[in-house]
Amino acid sequence: MRVIEVKDYQQMSNRAAEYIIQKVVQNPSIKLGLATGGTPMGTYKSLIEDHQKNGTSYQKVTTFNLDEYIGLSGNNKNSYRYFMNDQLFNHIDINKAKTNIPSGIAADFQEECHRYENLIARHGGVDLQILGIGANGHIGFNEPGTSFRSTTHIVNLADSTIQANARFFSRIEEVPTQAITMGISTILKSKEILLLVSGEQKKDALFRLLNGEINESFPASVLKNHPYVTIIADKVAIADLKVNC
Ligand code: F6R
């Protein structure tokens, strides 16, 4: 894993956006894997600014998001579909038909899991997957204990994840307790992974990722099995850690 240390959230966002833009310019038909949450918001803002200023085009790009809350339709302001439209897709020239997010209101969720997994495979897989990390080491919504062999599946969210995500809802009771997420093996099949880490509350997770063992009790540790992972982390998250990777 390659670790790039940057000063703060803003620099992490700029650097990540530059990284993504370069890949999109090199391969205009790139398949991007996208994340939601607080971490990539600044990156998406930088992508929009670049699109407006320099005209980087996303017309041929296809995207696959990691996850969606069960029970929320795309019109719900807390759904990840709404988030992605609002934070990125509505402000660039992407073809919405090429933006894919698992459905949170499917009639048959097992079927939806198969559909999503097959859809990614049919497109030849994700070229570049953007990831954030949970304080408990989750990637996507793969909570501790998830099998490294998992494909797209339904999860019960950990209490700590529900609490962490409550900041986006008006009341904690509104946070869904289940989600549909790419599995760990789905994520690992991406040709390249860009993990973004920022802030004090991610310090322990980053330490464990860089220095701990590869173990299903800490999902992100599986990234050490991937040949092409870049981590962009800010100073606060890296702190004065020794990096053994
Ligand atoms: C989001 C996702 C999650 C987040 C993680 C960190 O699509 O899959 O794994 O990346 O929960 O969230 P933030 O960035 O809000 O700290």
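When a residue number appears, it is its place in the shown sequence, counting from 1. Ligands are counted one by one from 1 in listed order, and the atoms in each one are counted from 1 as well.
At least one heavy atom of Arg167 sits less than 4.0 Å from an atom of ligand 1. Residue-ligand proximity: Met41 is placed with every non-hydrogen atom at 4.0 Å or more from ligand 1.
The distance from the OG1 atom of Thr62 to the CD1 atom of Ile94 is 7.5 Å, given to the nearest 0.5 Å. The CD1 atom of Ile139 sits 4.0 Å away from atom CD1 of Ile187, with the distance rounded to the nearest 0.5 Å.
Between Ala35, Gly37, Gly140, Gly132, it is Gly140 that holds the heavy atom closest to atom 3 (C) of ligand 1. Nearest to atom 13 (P) of ligand 1 by heavy atom, out of Val197, Thr39, Ile187, Leu66, is Thr39.
Nearest non-hydrogen protein atom to atom 6 (C) of ligand 1 is Ile133 O, 3.4 Å. If you check which protein heavy atom lies closest to atom 11 (O) of ligand 1, you get His138 NE2, 2.6 Å. The protein non-hydrogen atom at the shortest distance from atom 1 (C) of ligand 1 is Thr36 OG1, 3.2 Å.
Each of His123, Gln129, Lys191 was evaluated against Lys31; a single residue qualifies, His123, per the side-chain contact (heavy atoms from CB on, under 4.5 Å) test. With Thr43 as the partner, the side-chain contact (heavy atoms from CB on, under 4.5 Å) test is satisfied by one option alone out of Ile130, Leu88, Ile20: Ile20.
Interface atoms of ligand 1 facing Lys202, defined by a heavy-atom separation under 4.0 Å, are 6 (C), 13 (P), 16 (O).
In terms of polar-atom proximity, Tyr80 is not counted as a contact of ligand 1, lacking any N or O under 3.5 Å from an N or O of the ligand. An N or O contact shorter than 3.5 Å links Asp67 to ligand 1 by distance. Ligand 1 has no N or O atom lying under 3.5 Å from any N or O atom of Leu131, backbone or side chain. Between Gly134 and ligand 1, not a single N/O pair is under 3.5 Å apart.
Between Phe168 and Tyr69, the ring centre distance reaches or exceeds 6.0 Å.
Looking only at atom types and distance, the side chain of Tyr116 has no donor-acceptor partner in the side chain of Glu68 under 3.5 Å away. Between the side chains of Asp50 and Thr56, a donor-acceptor pair is found at a separation under 3.5 Å. Side-chain contact annotation: Asn14 with Gln10, donor-acceptor N/O pair under 3.5 Å present.
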